[in-house]
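Below is one structure, written out as structure tokens, with a few remarks after it.
Chain A is the first sequence line, chain B the second, and so forth, proteins listed ahead of strands; every chain is numbered from 1.
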Amino acid sequence: MIMREKRRYILFEVISEGEVDKHGLQNAIWDSIYSLYGDTGASESRLWLINYDSGTGIGVLRCAHRTVEKVRAALACIHSVDGARTAIRVVRVSGTLKGVRGVRARVKAGALKG
Amino acid sequence: MPSFFLFNVRLQSGMSADEMLRAARRFGYAGICIYNEDEAIMPSPDIKLNLDPSIHTGIEIRTDSVPELKRKLRRYWSRVPLIVVHGGEEKMNMAAVKDYRVDVLTHPCGEKWERGELKHQILMLKYAARNGIAIEFDLNPVIKSRGSERARILRRLRENLKLIRKYHVMPLLTTNTRSIYDLRAPREMIALASLCGMEREEAIMALSEIPAGILTRRWKRGREVEQL
């Protein structure tokens with residue numbers, strides 16, 4: 001029996017009218033996932049905000065690997081944080097933190113921006 | 001991955017088409033299609049020439065009367081690359097899909113899917129399939145609503161999707177984009193579409209092949225030859 005479930009790390013970028021702080025973002029993500037999938041669905045997702053830089057709007061979320069699509073839908077349903085219009089773009093999904101780290105640096109440097 | 005296109009983009013004052021295209025590209029779209037309200041000034045030929053080839057423009061006709069719709073279709077046909085009709089009432093939906101000049105029917109059940117399901121409009125769906133008219137699936141109400149309202153919207157989308165599959169009508173996924181904060185990346189759109197029962201392949205088609213086909217008039221060519 002496999003005791004340790006696989007995880008996925010989601011690198012995301014927040015695009016907002018104003019600056020979004022970590023606490024507000026965390027609440028918005030949890031509200032969205034509770035609203036869409038209920039308590040059991042939210043608990044299955046094993047969601048955790050690993051880090052978030054409010055200056056650049058870039059952060060990393062961890063979730064169970066089976067629920068990546070659910071988390072994507074929940075992130076897409078976030079339209080405002082603390083009254084400021086917001087969109088969240090998933091940049092990369094990886095199985096390791098190391099996998100998102102390199103991409104994160106490139107997003108910060110603007111290399112992945114259109 | 002295929003090239004994704006975003007339809008139903010409207011520019012708010014202060015935002016240029018190029019800025020919107022840049023934002024859409026950042027989200028993973030290859031091109032956008034901007035709808036202009038029919039009474040608003042159409043982009044002049046000079047502006048059109050300066051537009052990036054990934055920016056497509058169309059006209060959205062909003063009216064409550066069928067004769068008015070016919071008059072506007074005559075007026076805009078062959079003058080604008082894309083004609084979109086804002087539906088809602090059954091008579092307007094029917095009049096729009098009966099006319100081969102229309103490319104897309106938007107909001108066939110109202111802007112928040114409040115006018116029920118398409119099960120009472122089977123004939124309309126058959127005409128849409130025959131005339132190659134896509135029906136827009138606006139996911140914006142799914143994003144903006146919460147609780148029982150969203151449950152009602154998802155149920156209606158699910159029912160409508162069954163009918164769309166049965167009658168082979170082309171769905172088009174959009175988010176009623178007014179600003180960059182309404183943009184959602186293609187993979188997020190696919191995840192949102194899965195909430196109402198849309199398969200991954202169907203959602204990819206509704207974001208890539210169907211919009212590309214509408215822009216190149218793939219389903220209209222035969223009809224034009226037939227007309228001649």
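Atom CH2 of W48(A) sits in a sparse spot, with 12 or fewer heavy atoms from other residues, nucleotides or ligands closer than 6.0 Å. In the displayed structure, K22(A) atom NZ is contacted under 6.0 Å by more than 12 heavy atoms of other residues, nucleotides or ligands. At most 12 non-hydrogen atoms from other residues, nucleotides or ligands lie less than 6.0 angstrom from CZ of R66(A). Environment of NE2 in H65(A): crowded, with over 12 heavy atoms of neighbouring residues, nucleotides or ligands closer than 6.0 Å.
Under the 4.5 Å side-chain criterion, counting only non-hydrogen atoms from C-beta, V90(A) is not in contact with F27(B). Taking the side chain as every heavy atom from C-beta outward, H79(A) and Y181(B) never approach each other to under 4.5 Å.
Distance OG/S179(B) to CD/E17(A): 7.5 Å, rounded to 0.5 Å. Note that SG of C77(A) and CZ of R146(B) are 6.0 Å apart. Values are rounded to the nearest 0.5 Å. Rounding to the nearest 0.5 Å gives a distance of 7.0 Å between CZ of R85(A) and CG of D182(B).
Of the possible donor and acceptor atoms, none in the side chain of R187(B) sits under 3.5 Å from a partner among the backbone N and O of R72(A). Under the 3.5 Å distance criterion, the side-chain polar atoms of E188(B) are left unmatched by any main-chain donor or acceptor of R89(A).
Note on E69(A) versus R200(B): no salt bridge recorded, every NZ/NE/NH1/NH2 to OD/OE distance being 4.0 Å or above.
With a 4.5 angstrom heavy-atom cutoff, S16(A) touches chain B only via backbone atoms. Residue contact with chain A, scored on non-hydrogen atoms closer than 4.5 Å, is absent for L139(B). Heavy-atom distances place no part of Y34(A) under 4.5 Å from chain B, backbone and side chain included.
The candidate from I78(A), L36(A), V68(A) with the greatest count of non-hydrogen atom pairs under 4.5 Å with chain B is L36(A).
Of all non-hydrogen atoms in S35(A) and G147(B), the two that sit nearest each other are OG-N, 4.2 Å. When all heavy atoms of L183(B) and A87(A) are compared, the closest pair comes out as O-CB, 3.9 Å.
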